[in-house]
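The next block holds one structure in the form of structure tokens; read it before the comments.
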Amino acid sequence: MNHDVYISPSVLSADLTKLTDDVEKVVSGGADWIHVDVMDGHFVPNLTFGAGLVAALKRITDLPLDVHLMVERPEWYIAPFADAGASVFTFHPETTAHVQRQLDQVRACGMLAGLALNPGTPLSYAEEVIDDLDLLLIMTVNPGFPAQRYIETVTGKVARARALLDARGSSARLEVDGGIARNTIAAARGAGADTFVAGSAIFGSDDPTSEVGELRKLCHTAV
């Protein structure tokens with residue numbers, strides 16, 4: 001595995017009244033991406049951000065904006081999020097009838113194309129579109145809410161995802177999201193993940209700036 005470690009702090013756990021300060025803290029800590037969780041209250045039982053937040057973040061930071069769409073009909077959102085400044089657009093295969101078409105459209109709009117798999121979603125959903133992926137996201141919790149506990153059995157799925165990407169010669173990044181913290185990140189890294197979404201572990205810590213670096217150190221000691 002040749003990919004460098006990326007840390008992508010999730011602003012779902014940031015203090016929105018101090019968003020600029022919180023983002024600046026993780027940027028100073030060496031964050032690689034900023035993660036934005038978009039939920040529509042239908043595919044998952046929560047309602048969060050829209051393209052307006054991405055546009056606001058674009059004015060705050062030059063870091064790539066890693067947008068995870070937990071919504072039905074993601075094709076409705078591709079152009080608006082591209083226009084707002086999203087760098088990565090990831091969606092779930094259960095939410096659209098034509099997965100490959102949407103991945104192609106994401107790339108046509110200038111964004112990296114990602115596919116997200118819930119803990120109970122078979123890895124085979126991604127197998128047929130590996131060549132269209134810039135990122136494969138393995139959810140290590142059932143999505144919808146922050147500060148959930150990492151599902152340990154999903155570590156094996158991360159390892160199988162890494163084996164699949166490597167076998168197909170894919171350069172797609174392998175991202176994990178959910179319960180990523182000091183006590184779980186090494187297991188996910190050891191299984192082959194290279195990109196880590198962490199929300200409450202970073203923004204809920206006493207020092208978000210240093211926490212980014214601490215998580216990165218644990219990744220480097222895991223392999």
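Quick note: numbers below take in every heavy atom, side chains included, and nothing from hydrogens, waters or symmetry partners.
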Could you go through residues 69-78 and list every donor-acceptor pair under 3.5 Å that involves a side-chain atom there, pairing it with any protein atom two or more places apart or in another chain?
{"residue": "R73", "atom": "NE", "partner": "E75", "partner atom": "OE2", "Å": "2.6"}
{"residue": "R73", "atom": "NH2", "partner": "E75", "partner atom": "OE2", "Å": "3.4"}
{"residue": "E75", "atom": "OE1", "partner": "T96", "partner atom": "OG1", "Å": "3.0"}

Which heavy atom of A84 sits nearest to which heavy atom of A51, and what is that distance? CB-O, 3.4 Å

Answer yes or no: is there a side-chain heavy-atom contact under 4.5 Å between V11 and V36? yes

Please report the closest heavy-atom contact between L19 and A14, naming both atoms and the distance. CD1-CB, 4.4 Å

Nearest-0.5 Å distance that lies between atom CD1 in I138 and atom CG in L174: 6.0 Å

Only counting residues at least two apart or in another chain, list the ones meeting side chain to side chain contact (heavy atoms under 4.5 Å, CB included) with P119. M139, N142, I151, V154

Run the salt-bridge test on K25 and D207 with the 4.0 Å N-O cut-off and return the result as yes or no. no

Side chain to side chain contact (heavy atoms under 4.5 Å, CB included) filter on D104, not counting sequence neighbours, yields Q100

Take atom CZ in R168; do more than 12 heavy atoms of anything else shown fall under 6.0 Å from it? yes

I185 with V197, same ILVMFWY side-chain cluster at under 4.5 Å: no

So do F49 and L12 actually touch side chain to side chain, heavy atoms under 4.5 Å? yes

Do L218 and V26 sit in one hydrophobic cluster, given that two such residues count as connected whenever their side-chain heavy atoms are within less than 4.5 Å of each other, even indirectly? yes

Should we say atom CD of E152 is surrounded by more than 12 heavy atoms from elsewhere, each under 6.0 Å from it? no

Would you sort out whether L215 and E211 count as a side chain to side chain contact (heavy atoms under 4.5 Å, CB included), showing the intermediate values? CA-CA 6 Å; L215 292 175; E211 192 64 22; 4.2 Å; yes

Quick one: CG on L103 to CE on M111, what's the gap to the nearest 0.5 Å? 11.0 Å

Please output the side-chain donor-acceptor pairs of residues 61-68 that fall under 3.5 Å, not counting sequence neighbours, one pair per line with the distance.
{"residue": "T61", "atom": "OG1", "partner": "L63", "partner atom": "N", "Å": "3.0"}
{"residue": "D66", "atom": "OD2", "partner": "S8", "partner atom": "OG", "Å": "3.0"}
{"residue": "D66", "atom": "OD2", "partner": "H35", "partner atom": "ND1", "Å": "2.8"}
{"residue": "H68", "atom": "NE2", "partner": "H92", "partner atom": "NE2", "Å": "2.8"}

Partners of T184 by side chain to side chain donor-acceptor pair (under 3.5 Å), sequence neighbours excluded? none

With sequence neighbours excluded, tell me which residues meet side chain to side chain donor-acceptor pair (under 3.5 Å) with Y6. none

